[in-house]
Each structure stands twice: as C-alpha cells, then as structure tokens.
Amino acid sequence: MRYGETGYNLEIDLATGNIERVETDPKLMETHLGGLGTSVKLHWDRVPADVKPFDDENMLIISSGVLNATPAFSANRTVVTFYSPESDLLAYPMMGGFFSAELKYAGYDKVIFHNKSPKWVYIWINNDKVEIRDATHLVGRGALETQDLIRMELNQPNAQVAAIGVAGENKCFTASIEQGRSSASRLGGGAIFGDKKIKAVAVRGTQDVNIYNGEAFMKEMKDMMAYINFRNANPIPDVMTILSGIGSPQEMVHTDEKWHTENFMWGNARTRRRGFWDEKINEEFPRTQLEGIKRLISCFNCPQHCGALISYKETPRYMAKCFGKLTYMMAAYVDSMDFAWRTLQRATEYGVDSFSTPQILAFAVELIEAGIITEKDLKAGPTWPACPTDKEGRFLWLLDRVAHREGIGDVLADGVYLAARQIGNGAEAFDHNTIKRHEQLPLKLGTMDPLYYLMYATNEKISITQIEGNWPQGAFPTMEQREAFVKDWPQLPDDSWKQWLLEWEPRGEKAIPYFPTIDMCCQIVDWMEMLHNIDDACCVCAGMSSFCLKPPYHIHNYPRIISAATGLDLDEASLKKIVNRSRNLHRALNNRRGMSRKDEKPPQDHWKRRFPEIEENLLSAYYTFKGWNQDGVPTKERLNELDLGYVAEDLEKRGLLKDGQD
C-alpha cells in the first residue's frame with residue numbers, strides 16, 4: 001500500500017490519443033518527495049535540454065503533492081511545470097482551490113501531457129474513466145465560462161475544472177490556467193495549454209488516499225489548529241497588516257490599503273504616491289471593495305479566507321484573491337476600485353496573470369506617451385476599434401489587444417522584455433522591471449537590502465513572493481519591539497539567530513546594506529528558500545508556511561507531519577537533503593538551458609542606493625554557501641553529496657562544469 005500518494009500518474013499523448021495509468025517508482029518519494037520535486041526529476045529525465053517551449057516535446061505536468069487530499073491544513077496547491085515561453089526556463093506556477101485533492105481522490109498524483117492535439121480538446125478524469133473530449137465548441141469562451149459549461153455538459157457540478165481563456169488560446173506569454181478560486185498564473189502555462197490545444201482539464205474523484213500513521217498525523221493537526229486559532233486571535237504587532245496574520249495575503253479581508261498604494265509603484269513601476277490614501281480614498285475604496293465581495297472563500301481544508309466571490313454591479317461573478325484587486329488600477333493610474341473590479345473580471349475571463357499583464361499594459365502606455373508606439377499602431381483594425389484616448393478606455397483597449405494578439409497586442413503579448421526588443425526605437429529603456437525576462441512586483445526602494453538582493457537574483461520561481469517570508473522585511477525601530485518579536489519564535493532553525501534580529505538596526509553600521517552580514521544573509525535566504533521547496537513538494541500553501549511570519553508549518557514539525565503521512569522516517573537533516581537534491585536538480589536543469597550568473601541581477605533601479613562591490617560579494621558568497629561555482633552552477637562535489645552524480649556527468653559533457661571545477 002502507498003501512503004501520502006496514489007502511486008499512479010496519468011500519462012496522455014495528445015497526438016495519438018493514448019492514455020495510460022502508470023505506476024510510479026516508490027523510491028522517487030524517498031529521493032524527491034512529490035509535487036515540484038518529482039516533477040523536476042521527470043523533466044530532467046524525459047525532456048531534452050534544447051527543447052523549445054512550443055515544441056511538441058515540451059512536456060506539461062499537473063501535479064499534486066504528498067500532503068494533498070489528507071487532513072493536512074491548507075495542503076491544496078497544484079503545481080504546473082513546463083518550459084516557459086517568456087523565460088525559456090522551467091516554470092512552476094501553482095494554484096490553490098480543490099483541484100489537487102480531487103486529482104488524488106481520482107487516483108492520480110500527476111497528469112503528464114505529451115505532444116500536441118490536432119484539434120481543441122478537454123480532458124475528463126472521473127476515477128478510472130478518462131476521456132479526451134472535443135472542445136471546438138468552447139473555443140473563444142472565457143476561462144470561467146468554460147468551467148461552468150463543462151460542468152453542465154458533464155452534469156458534474158462538483159467537478160474541478162482548470163481552463164484557459166482566449167489569452168491561452170492565442171498563446172499569450174502571460175496566459176494563466178484558471179481554476180475555480182485560484183489560478184496557475186506566472187510564466188505562461190496557459191500559453192502551453194493553448195499550444196497543445198488543451199482547453200481544459202476536468203476531474204472528479206471519489207477514492208481514498210491513505211496515510212501511514214493516522215493517530216500521529218491527527219495529533220500534529222490538532223496542535224496546529226490550536227496554533228492557528230491563537231495566531232488568528234493574536235496578530236503580530238508592529239508589522240504591516242498583511243504580515244500580521246497567517247494565510248496568503250488577506251487582501252479580500254483587509255480594506256486598509258494605505259501601505260500598498262503608497263509604497264508600491266504606480267504606472268510602469270514608476271511613481272510612489274505618498275499621501276494617496278487620504279480621507280476621501282479611505283472612505284471610497286473600502287466601501288467599493290465590500291460592495292463587490294459577495295462572500296469570503298477558502299481553498300481545500302483551509303481555515304483561512306484568502307479569496308472572495310466578487311459580484312459587483314452588472315459584472316459577472318468571479319473569484320478574486322491576493323493583490324489582483326489593485327494591480328490593474330495602479331498600473332493604469334486610475335484612482336478607482338470600480339475600475340479595479342471591472343477590469344479584474346475581464347482579465348480573469350481572458351485568463352491572464354494579473355501581476356505581469358498590468359505591467360505590460362503600463363509599459364505600452366509609456367511607449368505611447370513617448371511616441372514609440374505611434375498613431376498607426378492605435379488605429380482600428382479589421383475586427384477591433386481604434387484606441388480610446390481616456391486612461392481607462394486606453395488600458396482596457398490594450399488588454400483586449402494583448403489577449404487576442406491583435407495589432408500591437410501581438411507584440412506586447414510576448415511580455416515586456418521580448419516586446420521591448422522587437423519594438424526597438426528606444427523601447428528597451430522602458431524595460432526596467434524584469435529579471436530573467438519576467439516582470440517583477442512594481443516595487444522600487446531606497447537602500448539595497450542584502451537579503452532581498454539574493455532572493456531577487458537567485459530564486460528559480462523568478463518571483464520574490466516565492467522565496468521571502470519567515471524573516472521580517474525590515475528591522476524593528478526599537479529594542480522593545482525586537483525583544484517582543486523574538487520572545488516567541490520557535491520556527492527559527494537555530495535560536496542563536498534571534499540575536500541577529502536583536503542587533504539589526506534601521507540605521508547605522510548594523511543596518512542594510514551592511515547588516516545582516518553576508519554570512520547571515522546566506523543562511524537566512526537558504527532557510528527561507530528551503531521552506532518554499534518543502535511546501536512545493538508537499539503542495540502546501542505558502543501562506544501557512546514559508547511566506548508568512550511565524551507560520552504553522554516549519555522545519556521542526558514538517559518532518560513529523562510528512563513521516564506520519566507517508567511512512568518515511570524523516571528528521572530535519574534528511575528532509576533538508578531531499579529538498580536540496582530537488583533544488584540543485586532544478587538549478588542544473590536551468591543551467592543547461594543557459595541560465596548563469598549573468599542573468600542573476602535585480603533591476604538596476606530597484607534600489608536608489610546601490611553597492612556594486614557588496615552585491616558581487618553577496619552573490620559570490622551565496623554561490624559558495626550553496627555549493628555552486630562562481631557561475632552559479634552546482635559543483636561536482638555538491639551534486640555527488642546529493643546523489644546527483646548523473647547530473648554532474650551531464651554538466652561536464654556540456655562544458656558547464658570543467659574537471660569538477662570549484
């Protein structure tokens with residue numbers, strides 16, 4: 001009997017229509033756990049290094065993790081892996097909701113797609129019955145509309161459906177995969193769905209998932225529930241509101257957006273609007289937000305309410321979560337939550353990433369204002385009107401053109417980095433907020449922060465929210481605040497680290513960029529990244545673990561929880577080794593696709609005050625700490641330590657490692 005996993009993957013060849021239920025090797029759990037870890041292993045083993053994102057061989061995997069479909073709180077993420085058309089690296093956007101649990105209840109840990117379908121299809125998984133169904137009647141339908149239509153067609157109101165909208169059909173590089181109350185958004189998974197002509201995947205399952213030691217497992221959950229209740233009743237003081245609790249950022253719960261609107265940048269990550277949140281805005285924005293929220297909602301087996309069902313005026317209902325309620329409004333420089341709710345609905349139906357896409361549109365606005373995108377580009381086309389001149393109309397027109405790849409939208413749909421180079425004529429100078437070709441949060445700060453420098457530069461997700469978390473974002477002003485924070489901090493890997501926070505000052509010699517020291521930074525960043533990697537293997541929401549301060553899941557209880565679920569005999573050291581193995585395999589996979597030190601640079605204007613020598617020393621020290629050479633490639637010694645000798649041999653053959661260098 002298998003525990004914590006079904007022991008089967010569903011393999012679908014879209015070109016031939018062949019469907020296989022394939023038993024997996026149980027040793028893979030011992031070496032890579034599941035979720036992202038085992039998916040990375042499959043990509044390494046099966047996909048040639050030179051495969052392009054829109055090649056037939058670009059395998060796409062939809063995966064659950066080892067804690068999905070168990071009583072583990074907030075184990076509800078589904079990870080989707082593929083080579084990204086935007087970054088050309090292995091992407092792994094994740095979505096919440098109920099899909100991963102439903103997939104395991106149907107009897108599968110992963111769905112693996114090979115090749116491309118000759119016509120539009122959707123996949124229907126109902127326990128042992130799996131069908132490739134015609135989807136030509138769904139082409140042109142929105143992502144949310146498609147989900148509803150499939151449930152009606154199947155007469156399965158409880159089926160979980162992941163679908164694309166027209167942006168995915170048109171292979172926009174920021175197209176998302178929308179699913180109920182969440183989406184796999186970053187780096188173009190929807191475009192890969194579209195390239196393979198997958199309109200949707202629907203799943204319904206009614207089978208059991210076994211855990212190894214139910215009594216031990218439920219004791220851990222009982223203790224965790226007590227802690228969750230305590231944290232909900234006792235928010236952390238002296239930090240911004242969204243960091244004071246647990247769960248993904250509670251953007252649907254909180255209505256005070258003074259911090260975001262005055263500290264994140266407006267437009268194309270350009271302008272900080274100090275004083276924006278005045279009395280008028282403080283009355284209008286919360287009222288409009290609450291007017292739009294029909295009810296708060298949760299993902300599978302989660303006690304928090306991070307999402308909301310939006311029913312705003314005449315706008316069709318949709319689900320909203322996180323920062324999406326502000327991204328379009330701030331990018332368009334429109335001071336209106338009415339505009340935010342209406343635009344987010346259109347974008348969700350199109351199926352686009354609501355972090356990257358608003359920045360693409362704001363980039364286009366700057367090019368229009370600079371005369372680089374000209375009147376010729378804004379004229380009416382065969383099937384679309386001319387661009388309006390008002391801010392709201394222009395922004396929505398650009399969104400429509402991008403989603404349909406019409407006119408100038410066909411260029412913009414490739415993302416800021418590639419669009420800037422295709423447009424030329426000085427457009428490259430307006431690409432100032434990407435890393436590894438991917439749009440970053442619209443945030444520009446004062447003094448270079450050494451922790452955030454490493455996180456921005458080196459994480460494989462290419463998204464700061466997928467590496468930051470457990471360490472406070474800034475020094476507390478007073479010693480009293482610091483002492484109060486460290487007093488109850490059992491999640492730390494080492495109690496001695498409390499002294500680092502006590503010594504950390506907002507200004508002076510023990511402030512950024514000099515403190516935390518380089519050695520401290522290496523240890524802190526590695527710890528936070530490790531927690532994200534554990535989450536991604538278990539498919540636990542980062543909002544209950546790696547993303548928030550003092551979370552319910554941490555390095556001290558994770559080994560017990562995973563052991564009770566799976567039957568593995570894990571302690572902290574062995575769990576760290578597993579996720580480090582997967583992390584270094586992922587790194588090597590991207591290295592052989594061309595990623596190296598040259599690519600690991602935060603945007604030049606991310607901080608006003610930069611310290612090039614410190615930054616280079618930071619990166620060099622972190623590479624050494626991780627066991628990588630000075631080009632960011634795992635060394636032969638490090639790979640052998642992690643039982644990845646076959647990876648070292650591959651990198652040596654490719655000339656990425658020379659004579660076991662460093």
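As the structure is a computational prediction, the values presented were derived from the model and not from experiment. One is the number of the first residue; the rest follow in order along the sequence.
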With sequence neighbours left out, which residue pairs that include part of residues 557-596 fulfil the ring-ring contact (aromatic ring centres under 6.0 Å, His included) condition?
Y92-H586, Y553-Y558
How long is the span from the CG atom in L639 to the CZ atom in R587, to the nearest 0.5 Å?
12.0 Å
Closest contact, heavy atoms only, A163 versus A200:
CB-CB, 3.7 Å
So, R581 and D643, do they make that salt bridge, N to O below 4.0 Å?
yes
Beyond-backbone contact of I555 with K576, side-chain heavy atoms, under 4.5 angstrom:
yes
For E439 against I360, the heavy-atom pair lying closest together
OE2-CG1, 3.8 Å
Under the salt bridge (charged side-chain N to carboxylate O under 4.0 Å, His left out) rule, collect the residues that match up with E86, sequence neighbours excluded.
none
For the pair K436 and E600, find out whether any cationic side-chain nitrogen is under 4.0 Å from an anionic carboxylate oxygen.
yes
Hey, is the main chain of E468 close enough, under 3.5 Å, to the side chain of H532 for a donor-acceptor pair?
yes
Can you give me the closest heavy-atom contact between K119 and D134, atom names plus distance?
NZ-OD1, 3.7 Å
Check: D128 and Q207 side chains under 4.5 Å, non-hydrogen atoms
yes
Test of understanding: with ring pair (Phe, Tyr, Trp, His ring centres under 6.0 Å), list the residues that count as partners of F73, not counting sequence neighbours.
none
Hey, does the side chain of N58 reach the backbone of P53 with a donor-acceptor pair shorter than 3.5 angstrom?
yes
Exactly one of E641, E637, E529 should register a salt bridge (charged side-chain N to carboxylate O under 4.0 Å, His left out) with K626. Which one does?
E529
D571 side-chain N/O to S574 backbone N/O, donor-acceptor pair under 3.5 Å
yes
Answer yes or no: is there a side-chain heavy-atom contact under 4.5 Å between L642 and K577?
yes
Does F625 have more than 12 heavy atoms from other residues, nucleotides or ligands lying within 6.0 Å of its CZ?
yes
Report the C-alpha distance between T81 and S63 in whole Å, list the side-chain angles of each, state the deciding distance to 0.1 Å, and finish with yes or no for side chain to side chain contact (heavy atoms under 4.5 Å, CB included).
CA-CA 8 Å; T81 50; S63 181; over 6 Å; no
If only side-chain N and O atoms count, and only distance matters, is there a donor-acceptor pair under 3.5 Å linking S39 with K110?
yes
Between T6 (side chain) and G107 (backbone), is there a donor-acceptor pair under 3.5 Å?
yes
What's the shortest heavy-atom distance between S183 and E178, and which atoms?
CB-OE1, 3.3 Å
With the side chain counted from C-beta on, respond yes when K197 and L14 share a heavy-atom pair under 4.5 Å apart, and no when they do not.
no
Which value, rounded to the nearest 0.5 Å, describes the distance between N9 atom CG and I112 atom CD1?
4.5 Å
Please answer whether the main-chain N or O of D109 pairs with a side-chain N or O of S64 as donor and acceptor at a distance below 3.5 Å.
yes
Testing the basics here: between K196 and H114, what is the closest heavy-atom pair and its distance to 0.1 Å?
NZ-C, 4.4 Å
Can you check whether F113 reaches M59 side chain to side chain, under 4.5 Å on heavy atoms?
no
What verdict does the side chain to side chain contact (heavy atoms under 4.5 Å, CB included) test give for H438 and S356, after you've listed the backbone C-alpha separation in whole Å, the side-chain angles of each residue and the deciding distance to 0.1 Å?
CA-CA 8 Å; H438 184 45; S356 299; 3.2 Å; yes
Could you walk me through whether Y350 and N170 pass the side chain to side chain contact (heavy atoms under 4.5 Å, CB included) check?
CA-CA 10 Å; Y350 279 152; N170 292 310; over 6 Å; no
Atom pair CD1 (I177) and CD1 (I164), whose distance is rounded to the nearest 0.5 Å:
8.0 Å
Is there a donor-acceptor contact under 3.5 Å linking the side chains of S582 and N533?
no
Got L149 and H137 here, is their nearest side-chain heavy-atom distance under 4.5 Å?
no
Measuring only between side-chain heavy atoms, which start at C-beta, is N629 closer than 4.5 Å to L657?
yes
Would a 4.5 Å heavy-atom cut-off, applied to side chains only, mark L60 and V80 as touching?
yes
Suppose we screen for salt bridge (charged side-chain N to carboxylate O under 4.0 Å, His left out). Which residues come up paired with R141, at least two apart in sequence or across chains?
E145
Exercise: do T24 and R2 side chains pair donor with acceptor under 3.5 Å
yes
Going by the angle between their ring planes, with limits at 30° and 60°, are Y623 and W628 parallel, tilted or perpendicular?
tilted
In terms of ring plane angle, is the pair H43 and Y83 parallel, tilted or perpendicular, where the classes change at 30° and 60°?
tilted
Listed by chain and number, what are the salt bridge (charged side-chain N to carboxylate O under 4.0 Å, His left out) partners of D195, not counting sequence neighbours?
K116, K171
Within the supplied structure, the quantity of interest is the number of heavy atoms (other residues, nucleotides, ligands) at a distance under 6.0 Å from K41 NZ; does it exceed 12?
yes
Mind checking the CD1-CG spacing from I192 to L187? Nearest 0.5 Å is all I need.
10.5 Å
Audit row: Y122, T146, side chain to side chain contact (heavy atoms under 4.5 Å, CB included) steps and yes/no
CA-CA 10 Å; Y122 74 89; T146 296; over 6 Å; no
At what distance, to the nearest 0.5 angstrom, does CD of Q160 lie from CD of Q147?
9.0 Å
Any donor-acceptor N or O pair under 3.5 Å, side chains K598, S596:
yes
So, R421 and D431, do they make that salt bridge, N to O below 4.0 Å?
yes
For R405, check salt bridge (charged side-chain N to carboxylate O under 4.0 Å, His left out) against everything at least two apart and list the hits.
D410, D414
Between D148 and R151, does at least one N-O distance fall below 4.0 Å, as a salt bridge requires?
yes
Looking at every heavy atom in both A135 and V121, which two are closest together, and how far apart are they?
CB-C, 3.4 Å
Rounded to the nearest 0.5 Å, how far apart are CG of N115 and CD1 of I12?
12.0 Å
